[in-house]
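Take a look at the structure set out below.
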Amino acid sequence: MNHLSFYWLPENKHLLIQGLESEFAQLVKFSISTGKIALPPIPDVVLKIQQLCSIESTTIADVAACLTDDPSLAAVVIRVANSVVFNRRNITCLDLSTAVSRLGIIRVRDIVTAQAIEQLKHSINLSTACNKVLTNSAAISREFGASMVLVTQWFKRLEPQHYQHLEQEKALLVGLLADIGLFCLVNEYHLYLENGHYLDQDIALQIFQSNCSATSQLVLKHWGFDNDFLEVASNQPFIEHRQEVSYLDIARIANHLLLFRKQDDALDEHEVEINTTGAEVLYHLSNMTDVEFRSQLHGVINASGF
């Protein structure tokens with residue numbers, strides 16, 4: 001799979017057509033259309049926090065108490081709350097209640113979900129080929145999320161008053177969860193093979209590519225994520241009253257930038273509409289040396305606490 005953002009850009013049209021005609025593709029499409037595709041097997045604590053976030057009366061104490069049932073996730077929340085990306089005031093917090101209060105209930109849900117999916121991509125025991133796809137996806141998601149942070153930072157640096165609605169921490173989480181549906185598709189493929197069927201891996205990859213955005217949108221909607229997450233996952237605008245620059249715009253600029261950096265052939269097919277500030281952002285980030293750009297990406301990832 002040569003393209004960076006495989007859930008947005010088709011690679012080989014003839015393989016895509018073959019894939020869409022396969023039995024597996026039809027099974028996947030049916031699962032998506034009926035909303036019955038298997039969700040990622042994330043920890044019970046994460047599911048409970050997602051449920052708590054849908055209840056209006058949920059308090060910070062409720063979420064903090066829930067996190068105590070999973071010490072590893074509790075440690076992640078405290079670490080992320082103290083990270084450079086999320087700790088704007090540079091004040092260290094040492095307890096869960098303070099961490100949850102600083103981040104906010106919804107942001108804690110986003111963080112624990114992203115962390116659970118990240119761990120799942122590296123630890124799930126499927127076939128070698130399936131594990132490789134998920135491990136590659138984890139690397140791409142981190143790079144994509146970090147790139148969205150860099151783009152957001154430049155918008156705020158150039159016009160801080162005009163882009164107050166953009167948050168670098170949300171940009172990171174939106175990028176990390178953009179292809180969350182891939183796990184569902186890879187798991188379906190693994191079960192399909194386990195049941196004695198056969199499907200060429202290259203064709204399976206094309207099916208993942210053509211269905212990942214719809215599946216990701218389905219999963220995120222099921223878990224109650226907001227429209228910014230849904231737009232980036234589906235690569236489609238559907239918010240009626242839009243900001244001049246939305247997280248979808250940030251994602252498209254970040255994706256374009258990464259395609260440019262990798263000299264990806266798909267760059268010729270990828271168009272992005274941006275305002276004058278966006279053009280200046282793209283100019284600055286495009287003109288960094290590869291060493292400087294990679295250093296900044298790694299800096300964002302290291303500073304995020306994930």
Side-chain angles (χ1 to χ4, degrees), residues 1-13 15-20 22 24-40 110 113-114 117-118 120-121 130 133-134 136-145 147-148 170-189 202-239 242 246-259 264 266-267 269-273:
M1 187 163 20
N2 299 323
H3 286 340
L4 171 77
S5 188
F6 64 89
Y7 50 89
W8 278 358
L9 299 169
E11 185 174 289
N12 298 308
K13 291 184 179 179
L15 284 177
L16 183 58
I17 293 171
Q18 291 178 41
L20 292 174
S22 74
F24 174 68
Q26 296 305 318
L27 290 173
V28 166
K29 282 189 173 296
F30 178 76
S31 296
I32 295 172
S33 65
T34 57
K36 295 179 179 179
I37 196 161
L39 297 173
D110 302 347
T113 303
I117 296 300
E118 175 80 3
L120 191 62
K121 288 178 177 178
C130 290
V133 170
L134 291 175
N136 183 53
S137 167
I140 290 174
S141 296
R142 286 194 301 273
E143 187 177 58
F144 186 46
S147 298
M148 287 187 64
K170 183 171 184 178
L172 174 66
L173 293 165
V174 167
L176 288 175
L177 292 171
D179 73 338
I180 192 172
L182 179 66
F183 180 88
C184 304
L185 298 171
V186 172
N187 191 52
E188 292 261 358
Y189 177 58
D202 288 338
I203 295 179
L205 289 174
Q206 298 302 314
I207 297 172
F208 299 161
Q209 184 181 57
S210 60
N211 289 277
C212 187
S213 58
T215 310
S216 296
Q217 183 181 348
L218 183 70
V219 173
L220 291 169
K221 187 174 183 178
H222 177 83
W223 283 339
F225 283 77
D226 67 34
N227 285 334
D228 292 318
F229 285 87
L230 301 184
E231 281 201 338
V232 173
S234 62
N235 189 26
Q236 291 184 2
F238 51 81
I239 298 175
R242 309 182 60 75
S246 67
Y247 288 96
L248 178 57
D249 297 315
I250 298 293
R252 287 174 170 173
I253 293 171
N255 187 58
H256 192 85
L257 181 64
L258 290 171
L259 291 172
D264 197 300
L267 185 63
E269 308 167 26
H270 188 252
E271 297 180 357
V272 56
E273 294 183 8

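For the single chain, residues carry numbers from 1 onward in sequence order.
In this structure a side-chain-to-backbone donor-acceptor pair under 3.5 Å is missing from N235 to V232. Side-chain atoms of N187 do not come within 3.5 Å of backbone N or O of F183 as any donor-acceptor pair.
Every residue meeting the side-chain contact (heavy atoms from CB on, under 4.5 Å) condition with A138, not counting sequence neighbours, appears here in chain and number order: E118, K121, H122, R142. Partners of N227 under the side-chain contact (heavy atoms from CB on, under 4.5 Å) rule, at least two apart in sequence or in another chain, are L230, F238, I239.
The minimum heavy-atom distance between S213 and S234, with the atom names listed, is CB-CA, 3.9 Å. Scanning both residues, M148 and V174, for their nearest heavy atoms gives CE-CG1, 4.0 Å. Of all the heavy atoms in T215 and G181, the pair that sits closest is CG2-O, 3.6 Å. Of all heavy-atom pairs between L177 and F229, the closest is CD1-CE2, 3.9 Å. For A254 against F144, the heavy-atom pair with the smallest separation is CB-CE1, 4.1 Å.
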- Steps toward side-chain hydrogen bond (donor to acceptor under 3.5 Å, both in side chains) verdict (D179, S216): CA-CA 6 Å; D179 73 338; S216 296; over 6 Å; no

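Put simply, CG on L259 and NE2 on H256 are 7.5 Å apart, with the number rounded to the nearest 0.5 Å. Atom CG in L176 sits 11.0 Å away from atom CD1 in I117 (nearest 0.5 Å). In this structure, CG on L258 lies 3.5 Å from OG on S147, to the nearest 0.5 angstrom. To the nearest 0.5 Å, atom CG of residue N211 and atom SG of residue C184 are 11.5 Å apart.
Classified by interplanar angle (parallel below 30°, tilted 30° to 60°, perpendicular above 60°), the ring pair F225/W223 is tilted.
With salt bridges taken as basic N to acidic carboxylate O contacts below 4.0 Å, one links K170 and D226.
Annotation: F208 is in aromatic contact with Y189 [ring centroid separation under 6.0 Å].
Residues V133 and L205 are in side-chain contact: their nearest non-hydrogen atoms beyond the backbone lie under 4.5 Å apart. When side chains are defined from C-beta on, L185 does not count as touching I207, because their heavy atoms never get closer than 4.5 Å.
Between the side chains of D228 and S246, not a single donor N or O lies within less than 3.5 Å of an accepting N or O. Looking at T113 and D110, their side chains never bring a donor and an acceptor atom within 3.5 Å of each other.
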